[in-house]
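Residue numbers begin at 1 in each chain, while the letters A, B, ... track the order of the sequences.
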Amino acid sequence: MIDKGYDPGKIEGRWYDYWLEGGYFRAETGSERPPYCIVIPPPNITGSLHIGHALDVTLQDILIRWKRMSGFNTLWLPGTDHAGIATQNVVERELQKEGLDRHTLGREGFIKRVWEWKERYGGEIIKQLKSMGASCDWSRERFTLDEGLSRAVREVFVRLYNDGLIYRGDYIINWCPRCHTALSDLEVEHEEREGRLYYIRYRFADGGGHITVATTRPETLLGDTAVAVNPEDERYKGVVGKTVVLPILGRHIPVIADAYVDSSFGTGAVKVTPAHDPNDFEIARRHDLPFVKIMDGEGRMTDEAGPYKGQDRFECRSRIIDDLKEDGLLEKTEPHRMAIGHCYRCKTIVEPYLSEQWFVRVRPLADEAIKAVRDGRIRIIPSGWENSYFDWMENIKDWCISRQIWWGHRIPVWYCEDLQNEECRGKKGVIVSVETPNRCPYCGSARLRQDDDVLDTWFSSALWPFSTLGWPDETEDLRTFYPTSVLVTGFDILFFWVARMIMMGLRFMNDVPFRDVYIHALIRDEEGQKMSKSKGNVVDPLEMTRVYGTDAFRFTLAAYAAQGRDIRFSEKRVEGYRHFINKIWNVARFILMNQDRTGVSKGHEMRSLSLPNRWIISRLRSVIEETNRALEEYRFNEAAGCLYQFVWHELCDWYLEMIKLELYGGDEERRGAVMATLNHVFEITLCLLHPFMPFVTEELWHGLSYNTGVSSICIRRYPVPDECGYDEGALRDMQTVMDAITGIRSIRGELNLQPSLEIGVKIKTDDATGRVLNENMMYIKRLTRARDVEIGRDIEAPEDSATAVRPSMEIFVPLEGLDIGAEIERMTKELERLRERFSLLERKLSNEDFIRKAPERVVEENRLKYREFKEKIKIIEDKLERLRGLQRSHSP
RNA sequence: GGGCGGAUAGCUCAGGUGGGAGAGCGCAGCCCUUACAAGGCUGAGGUCACAGGUUCGAGCCCUGUUCCGCCUACCA
């Protein structure tokens, strides 16, 4: 006999090892079975499992286990991401504690150090994935800096370069002064804040007056090389072409006209700082203005900043404001809402910064990626995200891919230092190559210098669906599993990752990287706040699994995963599902206890079974259908909800309670038949549940010896409807029996009758219903604790009796000393409810338009209900009248 | 500035194509009935944010309003 309660800690590790030993998670090469593949969104090696991963992993595992059981050759490919900036930051912090920095170690030494760190801690998250029960094929685990994946990265870079889709140049990019690197537009998080708009006077050089510009960043005036106005702006017509004097520095700069300037904003005149603002950069290129860099990579002011040299950018700002005030050049300031960009890794305010970087020309790639979704080669689920996808793709700008850090894929570009011939000089000595060159291919020089930069981490993750399968080699895995089946991820990386995988997949594999993209919600705390360490509101998934068990936690996440909505996570709900698992556990206990006593017999005809047995099998058939359908449509919450409802409220509350009668009494043949049915139903139920709660289902499946012929539930065929018979009559009859039982119970409950009180019951009903009730009398008696039940079409309502009205049934419970007042109250309330509904029906049916325009089916349904309610109301009215009569005769 | 989503029971949320308002938790009453008190039975509780419109009929479709959340953006 198994333990009284379920203790997840005892069994989870054991079964996970069992699965690994059995090799159940390993994908086959050269399989006849249809492939089903998911590549995991690779977690950062710096990370530890958070609740978002837990959700992501749970949903993927549900799909993979379901498909594996359904006969597919499944591959769930796991791995981790090197996470360039994040990892570099972590290791740098560690060095800092030792009083070191990366420059003292040197590039090679530092990278060695990061690898050491990776070996030590990078595996943590993998262990945590395993503890969630993830059925990944660990023999195919990948890391974005693996040799194979690195080769893919270089290959892609070289091909894109040769196709003219990668270029290098001086542009304004987003610069993080703390991480000392360029960032792509996406890596900047914008946050709206209350700032100030400063109105600053620039005096004309000829001494006559001034022009006022408005700016949010007064310190950048040090780098101004013009003031611009709109050419159509009448106010400034006479000013264009004049010269103004830059405040503080006294430099003379021109007033120019450019259509970019919005006359309605500020004063209609804008200062132009070409080296520190992307728009000004464009203006400067149009007007051939000089570029003056006033800030360095640390965010400190350069020599160009004159008296402010060496100051921090924010210190400089306040100094400049003071100085402008002193010079009487600060006209006014206004409050101004604006979005400020922050580094997504360290939250430092980013700086628009002019520097030489590598870029991907994404327009042609994006166009193909748009087509793939438009024509349905890729489905995005829920489809609402398609709009965001299209919007972003249509307005996409070139992607800055070079990073000035050390941890990552070094850019496969070398520069010839000698430029010894015409060809070499023509190419500017730039060598782009998959293999590391020994000599310059143009001039033969051996003095080559590799580009210092590494690639954006997302550049390598964009290749993940094919680089992990062996590309650029034409491997068996690639042939079998590309395109992958579905990508499961959160919307926060739709652009970062999903969109870029689509672009790269189409470009290099000539096919989409996945057929479906399932986008799940973000998990928030109970107040709807995003979880973050600094807020201290994180829910630790590992603690959840420790306290409630992995299965309960997984089931909770699945039950929460309704499409298109954020999840507000509540621990109470996990607790609820732990109870659910305990419930399942106890079904197994129930089976084992009775099995010992009764044994099991086999091969029973459905029609020879008693009503509850025929009913539960028919219900299970529907549950199988619904679960499969829900999973097919990524409606995880519906699948979970349907199983929960079935197990708890149908299997346990009704079926088990009813068959106790047959198990405790009845003949041996009958007991054996019931046990056979129960086992059949429970075995299938465990299988249905297995993808959601792998551990407890495996444990019970073995505990109940269902493992004949198949060594693990995880490879047992996922239930199909044909495994169950279907008996519509049983569903109908069972409903009748349940109606009778709940009717009687309702009287018991509402009148507060002692459960020990054995009651007599009279039911007035038609012959057909009466026959069903009589056939199942024993269940009714047991579940209502009724002494005797009299059934007939001519039953008279006894005096002093409580009443319940059910479809085609009037139920009476005669009671000595019935509390007439209480019963009148009950009946009155019931009557009110009925009358309300009835008058609605009455109005509907007396509406000619309704009769004429509504579908026949709906009209008929309403007529039926109308008659039913009318009858019920009459019964209750009569009953009430009699009760009132009684009340009068009883009172003195 | 543009876009998207949400507002349903005290709380957290379900409600694929318009036709009987649901679940879990919580709450109240009764019950330790031999799988489970991590349980059972019976209940109470809702002008489906607001205002219009379409329709025989709207939680669901359309328009507008309010509040909340998110994404996105080069008006300094």
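As judged by a 4.0 angstrom heavy-atom cut-off over every strand, A:A339 is placed among the base-contacting residues. The residue A:V272 sits apart from the nucleic acid: no heavy atom pair falls under 4.0 Å. A:I851 comes within 4.0 angstrom of nothing in the nucleic acid, heavy atoms only. Looking at heavy-atom distances under 4.0 Å, A:D653 makes contact with sugar-phosphate atoms alone, never a base.
Between B:U8 and B:A14, the two P atoms lie 11 Å apart (nearest whole Å).
A:D551 has no carboxylate O lying under 4.0 Å from a charged side-chain N of A:R554, or vice versa, which leaves the two without a salt bridge. Using a cutoff of 4.0 Å between basic side-chain nitrogens and carboxylate oxygens, A:E868 and A:K872 are not scored as salt-bridged. The pair A:K829-A:E825 fails the salt-bridge criterion, with no side-chain N (NZ, NE, NH1 or NH2) lying under 4.0 Å from an Asp/Glu carboxylate O.
Here B:C75 presents its P atom at 11 Å from CG of A:D262, a figure rounded to the nearest Å. Distance CZ (A:R748) to P (B:C31): 12 Å, rounded to an integer number of Å. Rounded to a whole Å, the CZ atom of A:R782 is 10 Å from the P atom of B:U34. Atom pair A:H520:NE2 and B:G5:P shows a separation of 19 Å (rounding to whole Å applied). At whole-Å resolution of the value, CE in A:M338 and C1' in B:A73 are 15 Å apart.
Residue order along RNA chain B, read from the 5' end via each residue's closest nucleotide, puts A:R573 first among A:R573 and A:W392.
Annotation: A:W385 is not in aromatic contact with A:Y389 [ring centroid separation under 6.0 Å not met].
The base of B:A35 is paired with the side chain of A:E657 by a donor and an acceptor separated by under 3.5 Å.
When both distances must be under 3.5 Å, the Watson-Crick or G-U wobble mate of B:G43 is B:C27.
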